[in-house]
There are 4 protein chains.
Amino acid sequence: MAVFIEQGFAGAKVVDIAKRAKSAKGTVYLYFETKEQLFEAVVRQYIQPTHVDMRAMAKNFSGSSSEMLSMILHRFYAEFVGNEQRRSIMRILISEGHRFPELTEYYYKEIISKAEKMIKQIIKRGIDSGEFRESPAQKIPTVVMGPAVMAAIWKMTFDNASKLNLKKFAEAHVDMVLNGLRA
Amino acid sequence: MAVFIEQGFAGAKVVDIAKRAKSAKGTVYLYFETKEQLFEAVVRQYIQPTHVDMRAMAKNFSGSSSEMLSMILHRFYAEFVGNEQRRSIMRILISEGHRFPELTEYYYKEIISKAEKMIKQIIKRGIDSGEFRESPAQKIPTVVMGPAVMAAIWKMTFDNASKLNLKKFAEAHVDMVLNGLRA
Amino acid sequence: MAVFIEQGFAGAKVVDIAKRAKSAKGTVYLYFETKEQLFEAVVRQYIQPTHVDMRAMAKNFSGSSSEMLSMILHRFYAEFVGNEQRRSIMRILISEGHRFPELTEYYYKEIISKAEKMIKQIIKRGIDSGEFRESPAQKIPTVVMGPAVMAAIWKMTFDNASKLNLKKFAEAHVDMVLNGLRA
Amino acid sequence: MAVFIEQGFAGAKVVDIAKRAKSAKGTVYLYFETKEQLFEAVVRQYIQPTHVDMRAMAKNFSGSSSEMLSMILHRFYAEFVGNEQRRSIMRILISEGHRFPELTEYYYKEIISKAEKMIKQIIKRGIDSGEFRESPAQKIPTVVMGPAVMAAIWKMTFDNASKLNLKKFAEAHVDMVLNGLRA
DNA sequence: CATGAATGAGTGTTCATTCAT
DNA sequence: TATGAATGAACACTCATTCAT
């Protein structure tokens, strides 16, 4: 994965991948028929672990919905946006997604759709408790995540041009979202 | 550009680029020394036209700041997020930015930093008129744009997995942002 | 010619040749059908002027045959071995002769065979006058020139490795040849 | 080597070299990084074996110095001038020496300088025994070799125009040199 | 006559993939 | 099961040659 992240799919050489895995070029082909399949398998493996944490934490929360949403978002920043490896997977999906549609579908199903559901539930919980107003965001929870996703991309792409302070960004994001949803 | 967008930098063949331009391989090398330079030149050219429109429209606006921000955002969706070519440039920068750092710097300077300034000014205008509250978003205007950027990426990456309705998304975005900033 | 000498036939670019001639690439093709023909013509032109001087001087000499041979050889060193351009033509013939057999034939006919005849005549003159002994060199006059030709090649090839002092070399050569032929 | 000799450095195609070696294009690049390096390695390999024979024979000679010089020169004709491969290496060095200066230096050090030393020693031996006179050739032994080198070049370059009889040439050469050095 | 933009055949080099060991 | 030498398709880039201006 490290090699794919650094070099992209086309730029990654099978020999280098093999070396990084402390084995020989030929050995790779015992386990994967082509570089494409290797890529798919490797990326898939790195996608799986992601969602589990986020889901677990969504249960059994007893505070207000604002607190819950705030917490979820901060967690997302800490574990996803702030994690270079996970950001990199996103970049790889953006870059190579065209060639590997099943991969993006998988990522959507395993990660994004679950995050969407979670946000949706929290918003619903907030509306039910009178804490949040009715808003189009209920149906399109992705808007709520938007700035975080943008931050992840920013870190990988424009950070050289203009450093993004993740802590302050997260605070501004949460501030805006909570005020935006508040009843 | 079309070829680079479809195939990425590594995947794009110089012959194909030449054919698309209705000329021969060798002709490309009359104008660009290497594929890298061709790429830079082509991408740079596609970046330039973008910002002008957005900036012009920021002047001479007489309505409320909410209306102004709403309009700006909707414009952004119409002209940027909804425009496949411009989205594609973003994807290319995300994918190949590593290799071409001057390109992302250029993009930041020409496009993003200007958008940031514009948003900042509108928020300030709103605060000055008592329409918007003081909020961390003043200093980090990018959060305001976040969902739109995410939508652009979504369109290129996850639209197959789950179609994003740009109109409704934009509405949800504007709704949340305006409520989030309101005094 | 300069370009062919510096770069060899394959390495010489037609554009560069044209530039050196202060004209444009296309112009070359008004006068020569191919690079090969250009090469032949150019080399041929540089061959012609050479022999005339040497021949003229062979006539009307009134000294001893030793003096005459000595003079001829020193002339050869001065005008041929010591002249970078003429040396270079030799190198080019050695390098590219395979490809251009008519060229080497021409060179042989115009330059070498005449030099051979001249040497032969001097040796005969010396034998007739009792100055030189009968020797196989009469029939193979080229042995007499040998060291000079070698010096020419040395200058172009091994001079970096070990500088050859042309004056002393010529003296040693003449000394050996005159003693070798003396009756 | 065969391909380089036939086509020169620029004209030799890596594919052809590979084919001649009964392997595939790519295989060449397992052992040599570039065509240049391949060339250097190949030529170097062909240079090495040469000098050993000549040197060995220089020891333990009991005849006169004339006989010794005669023998050495005839050997040189038999093993060097008469050997197409060794001649070819010389031609290649003359042709491509410019590009590969280390190669000509190597050739000088391994072959020529050793031949020079040998000739010098024989001349000294002859002078010491009163067989040879003092002459500038002592300091510039290369003049003694000159005709042989010329013959080698002739064979490769002008033999089509005028066949050179190596046996007679060698005899004329030895005859002239021995008489030229004799006391 | 002169030009130089356009062409595309040709070549060095890379790298995914195979396979004998 | 693991290796890495061998392969050759593929591609960036060059340059002799053409031809419209």
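Here is how names work: the chains are called A, B, and so on, in the same order as the sequence lines, proteins then strands, and each is numbered from 1. These numbers come from the heavy atoms of this one structure, side chains and all, not from hydrogens, waters or symmetry mates. Treat the numbers as computed from the prediction; the structure is a model and nothing was measured.
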Inset, instruction - For nucleotides 16-21 of chain F, just jot down a letter per nucleotide in 5' to 3' order: B, S or -, based on protein non-hydrogen atoms under 4.0 Å. - result: SBB---
Inset, instruction - Might you confirm whether atom CD of C:Glu33 has over 12 heavy atoms from other residues, nucleotides or ligands at distances under 6.0 Å? - result: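 Counting neighbours around CD of C:Glu33, 12 or fewer heavy atoms of other residues, nucleotides or ligands fall under 6.0 Å, so no.
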Inset, instruction - Give a yes or no on whether D:Glu84 atom CD has more than 12 heavy-atom contacts from other residues, nucleotides or ligands under 6.0 Å away. - result: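 Counting neighbours around CD of D:Glu84, 12 or fewer heavy atoms of other residues, nucleotides or ligands fall under 6.0 Å, so no.
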Legend entry - D:Phe39 vs D:Glu96 side-chain heavy atoms within contact, under 4.5 Å: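 A side-chain contact exists here, since the closest heavy-atom pair is under 4.5 Å.
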Legend entry - Validation row: C:Val43, C:Tyr107 side chains within 4.5 angstrom (heavy atoms):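 No, every pair of side-chain atoms sits at 4.5 Å or beyond.
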Inset, instruction - Please measure how far the C1' atom in E:dC1 lies from the corresponding atom in F:dT21, and state the result in whole Å. - result: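 It works out to 13 Å between them.
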What pair of heavy atoms forms the shortest contact from [X] to [Y], and how long is it?
X        : Y       : answer
A:Thr104 : A:Gly97 : CG2-CA, 3.7 Å
D:Glu6   : C:His98 : O-ND1, 4.2 Å
B:Ile111 : B:Ile47 : CD1-O, 3.7 Å

Inset, instruction - Whenever both distances are under 3.5 Å in a Watson-Crick or G-U wobble pair, mark it; put DNA chain E into dot-bracket that way, with [ ] for crossing pairs and | when the partner is on another strand. - result: .||||||||||||||||||||
For the pair made of [atom1] in [X] and [atom2] in [N], what is the distance, rounded to whole Å?
X       : N      : atom1 : atom2 : result
D:Leu30 : E:dC15 : CG    : C1'   : 11 Å
B:Asp16 : F:dC13 : CG    : C1'   : 16 Å
D:Ile17 : E:dT13 : CD1   : P     : 11 Å
A:Gln7  : E:dA16 : CD    : P     : 11 Å
B:Tyr31 : E:dA5  : OH    : P     : 6 Å
B:Lys19 : E:dA6  : NZ    : P     : 18 Å
B:Phe39 : F:dA12 : CZ    : C1'   : 16 Å

Legend entry - Any donor-acceptor N/O pair, A:Arg91 side chain to A:Ile5 backbone, under 3.5 Å: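 Yes; at least one donor-acceptor contact below 3.5 Å.
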Legend entry - Candidate pair A:Arg99 and A:Glu36, rule side-chain contact (heavy atoms from CB on, under 4.5 Å), full reasoning: CA-CA 9 Å; A:Arg99 273 176 192 276; A:Glu36 258 100 2; 4.2 Å; yes
Legend entry - Touch class at under 4.0 angstrom, heavy-atom based, for D:Phe32 against every strand present: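 No contact at all - D:Phe32 keeps every heavy atom at 4.0 Å or more from the nucleic acid.
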Legend entry - F:dT7 OP1/OP2 closer than 4.0 Å to side-chain N/O of D:Thr27: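 Yes, because at least one side-chain N or O of D:Thr27 sits under 4.0 Å from OP1 or OP2 of F:dT7.
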Inset, instruction - Can you figure out which of F:dA2, F:dT7, E:dG4 approaches the side chain of C:Ala24 most closely? - result: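 Nearest to the side chain of C:Ala24 among the choices is E:dG4.
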